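Note sheet for the following structure.
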Amino acid sequence: MTTSSALSSLNPAREEKVALLTQIEQRLRWLSSWTVHNANNLREKRDGLKVGGHQASCASMTAIMTALYFHALRPKDKVAVKPHAGPVLHAIHYLLDQQTRDKLEAFRGLGGVQSYPSRTKDTIPVDFSTGSVGLGVAVTAFSSLVQDYLVAHAHLAEKDTGRMIALMGDAELDEGNIYECLIEGYKHNLRNCWWIVDYNRQSLDATTADRMFRRFDDIFETCGWRVVTLKHGRLQREAFKRPGGQALADWIENCPNADFAVLTYLGGAAWRERLTKDLGHVAGIADLLADHDDSALARLMTNLGGHCIETLLDAFDSVTDDRPTLFIAYTVKGYGLPLAGHKDNHSGMMNTAQIEGLRAELGIEPGQEWDKWAGLGDNLAARLEALVKDSPIARKAPEHRAPAVPVPARLPVPEGAVQSTQAAFGKVLYDLAKSDAPLADRIVTTAPDVTQTTNLGAFVNQRGLFRRQELADVFQKAHIPSAQKWAATTAGQHIELGIAENNFFLMMTALGLAAPHFGTRLLPVGTVYDPFIARGLDALNYGCYQDARFLLVGTPSGITLAGEGGAHQSINTPLIGMGQPGLESFEPAFADELALLMGWAFRHMQADGGSSVYLRLTTRQIEQQSRPDDSWEAGTIAGAYWLREPAPSAKAAIAYSGAVAPEALAAWEQLTDDIPGLGLLAVTSPDRLHRDWSAARAARWHGGTRQPSHIETLLESLAPDAGLVTVLDGSPAALSWLGGVKGHRVSPLGTDRFGQTGDLIDLYHTYRLDQEAIVEAMAELFL
């Protein structure tokens, strides 16, 4: 569908609005350009580095964002802004008096406007953080699915729903996660989602391949989307009605992207020469060219749909239903700037003479560069101010502070003398699913096609799959025995996903933002094979960066998978857990540790200053511990506790995490006679231990009082020259740092090579995780 086929002439009120919005568009182009120029050319540089910014990428979006924010956007709509158009977003909020001049002047400086829109770092309202291209686009689709979930569960009224909108550069369409998202959206009957493409056909390195012109229509329409193409602005459409106009339209349609960019940069004289050469023989073309001087001809040839306010308003107004819609808005990168069309303009910037020329063109006096309506006159400025203040976006309410969901003081510990943490996790969720606890109603589970094999199946059997269109379990209706009883209804609490980890993490992100976005809290729990966390790591980082709250369960983990082989054995995920901001990671060994940590996680996910939580679990069944009291609980949450207390000034200790607990215990029992007072340290979270230790050491530099960290207090029991053997089914670096806490000697064990198939006995022996290896490592410390 195109907007050029049936456009009515504008009535006076519409003409007035188009004229005013055109003025706002010019102001946004100026403010975004000036913000970048000021940071790079006027502000003091203390480190000699380029500050950066994207004037050309901003300029190609100003008309689109003007029409969207000051006309089409509704108060309940949410927008993910193209990363490189971040300065335009801040300029919009500057016009709305929601951004300050000092923040703009500090663009890309400490405490100033961030390089790319950030929910957690910027002070203006930001619906979705963007920066890693493609992810900010796809998350809007998953946010729309979350909105549907909330409506279906009566947590959100239909009247309070909005559209989830992504503003994207065309280069983002090269990102594979876009197409993974399209497929998932089609399966879930996506609605209320707009993606608006700034189709300037220039990326960082090159112009877009010409053969992609018409392929996006096919791809999106196949997945159920409406495609609206805005190729020509009003000036071009009027020119096409003149004699020779159809030939001009055909020429534009077939002009290679690179040629169009070159001619745009060279300007009116170059356009005239090329059009005369190619179309001079066509009747009417000579008159059409003669009616335009070079400046007017350049304006005509770059009057694409994405720069024409009238065209944009009509396109946005034409979509009144909830069908997902892709707007392909043809634009010129750097439109209205001397950089327009140049292949190097992505990171290029106007020099002083060029920015001064733009300032003079807009009638802005020196010293008035930051004035909102400088050079426009009082009457026009007042009308513009009134339009801005009366726009729907000006009435958008602040984000919600959703009430907390109560969490039971204790989650029941699954029974069983021998069990795995993965199985215990499934039992804890199943017990919740059977209960009437408010917590159970707010849990939403999801997995990338590994629901059964990560022990979510019992929860799903109890609570059901979520679908807006109900779907019966045909196997159950046919009386075919199956462990899966998965009828899909609007009341279901498990969202089934295909095997695409980027989709999984983006769904978790969208679910984890339900509280601020929609005013009602969900507690998402997602499971994934632990090695495949890395496949969605960019999306995981993206979710944590914008403070989405979820419980991530990676299972099974490590070479303990045994027969699955190296492709399925995670090695570095403990380091991911330690290194990922906004994510608290744990690796419990026993079911009671897990139940305690899950309760803590559900509270922490809701707390001010809280975060998401990652549990690294295993399928290995191990003998459980009998507990004389609950003294171990605080240490489990803090990151470690003595499973076997060392004697005062003990000469050695074994520190372990997770699945290798039986080997650590067996080695401790073998060595305790030879090393009196030997300690056995259960490390449930290398992440929290290390973070606490680092914070304690840094306290002196932040004006605080130096208090010993938890791990320092624990290791205080050992002699200063004691030795530590550390062991886990993962990178040894996750625990080897313990030696640096008190200066103890360390012999670290772990996995730092790709595994292979085998049984557990062979693999633990080959990769030195067994009892014998721990004993030998201890002996090494005393040689």
Side-chain angles (χ1 to χ4, degrees), residues 176 180 418-426 447-457 483 497-505 526-540 552-580 585-589 614-622 656-664 666 686 726-736 748-774 777:
E180 292 179 342
V418 177
Q419 54 184 313
S420 71
T421 49
Q422 177 178 306
F425 160 75
D449 199 34
V450 292
T451 300
Q452 278 286 61
T453 49
T454 56
N455 282 70
L456 278 180
L497 298 174
I499 187 165
E501 281 75 14
N502 271 308
N503 283 345
F504 166 73
F505 282 115
T527 59
V528 62
Y529 285 173
D530 195 63
F532 300 144
I533 284 177
R535 291 176 64 175
L537 192 54
D538 190 19
L540 169 61
L552 168 64
V553 178
T555 184
S557 62
I559 66 167
T560 304
L561 275 166
E564 291 288 341
H568 280 62
Q569 296 169 355
S570 56
I571 294 171
N572 64 342
T573 48
L575 299 181
I576 291 173
M578 291 180 69
Q580 178 61 56
S585 69
F586 295 88
E587 186 167 358
Y614 161 40
L615 302 176
R616 187 176 190 251
L617 306 184
T618 178
T619 50
R620 186 187 187 191
Q621 296 192 31
I622 66 173
Y656 74 89
S657 277
V660 295
E663 283 66 34
T726 62
V727 56
L728 78 161
D729 186 0
S731 171
L735 291 180
S736 63
L749 300 176
T751 54
D752 54 10
R753 293 173 288 159
F754 290 112
Q756 56 188 294
T757 55
D759 64 17
L760 205 58
I761 291 85
D762 281 342
L763 291 182
Y764 272 24
H765 179 74
T766 300
Y767 295 94
R768 293 186 51 75
L769 294 179
D770 59 5
Q771 175 184 344
E772 179 184 352
I774 297 172

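Along the sequence shown, the residues carry numbers beginning at 1. It should be emphasised that the depicted structure is a prediction, and the values quoted were computed from it without experimental measurement.
Contact annotation: the side chain of Val528 approaches that of Glu501 to within less than 4.5 Å [non-hydrogen atoms, C-beta and beyond]. The closest side-chain heavy-atom distance from Pro662 to Arg620 is below 4.5 Å. Between Leu540 and Ile533 the shortest side-chain heavy-atom distance falls below 4.5 Å.
One distance of note links CG of Leu617 with CG of Asn455; it measures 9.5 Å at 0.5 Å rounding. Atoms OG1 and CG, from Thr757 and Leu561 in turn, are 12.0 Å apart once rounded to the nearest 0.5 Å.
Judged as a salt bridge (charged side-chain N to carboxylate O under 4.0 Å, His left out), and not counting sequence neighbours, Glu180 has no contacts. With sequence neighbours excluded, no residue forms a salt bridge (charged side-chain N to carboxylate O under 4.0 Å, His left out) with Asp729. Residues satisfying the ring-ring contact (aromatic ring centres under 6.0 Å, His included) test with Phe586, not counting sequence neighbours, are Trp600. For Gln580, the side chain to side chain contact (heavy atoms under 4.5 Å, CB included) partners at least two apart in sequence or on another chain are Asn541, Cys544, Leu583. Every residue two or more places apart in sequence or in another chain that forms a salt bridge (charged side-chain N to carboxylate O under 4.0 Å, His left out) with Arg768 is listed here: Glu776.
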**OP:** Check the pair Tyr529 / Thr555 against side-chain contact (heavy atoms from CB on, under 4.5 Å), numbers first and verdict last.
**Re:** CA-CA 5 Å; Tyr529 285 173; Thr555 184; over 6 Å; no
**OP:** Could you give me the CA-CA distance, side-chain angles and deciding distance for Leu769 and Thr751, then say whether side-chain contact (heavy atoms from CB on, under 4.5 Å) is met?
**Re:** CA-CA 8 Å; Leu769 294 179; Thr751 54; 3.8 Å; yes
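One side chain, Tyr764 or Thr560, offers a donor N or O that lies under 3.5 Å from an acceptor on the other. Counting only N and O atoms by type, the side chains of Glu587 and Ser657 include no donor and acceptor under 3.5 Å apart.
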Please tabulate, for the side chains in residues 568-578, all donor-acceptor contacts under 3.5 angstrom to protein atoms that are two or more places apart in sequence or on a different chain.
| unit_1 | atom_1 | unit_2 | atom_2 | d |
| --- | --- | --- | --- | --- |
| Gln569 | NE2 | Ala562 | O | 3.2 |
| Gln569 | NE2 | Gly565 | O | 3.4 |
| Gln569 | NE2 | Gln756 | O | 3.3 |
| Ser570 | OG | Asp530 | OD2 | 2.6 |
| Ser570 | OG | Gly558 | N | 2.9 |
| Ser570 | OG | Arg616 | NH2 | 3.2 |
| Thr573 | OG1 | Asp530 | OD2 | 2.6 |
| Thr573 | OG1 | Arg616 | NE | 2.9 |

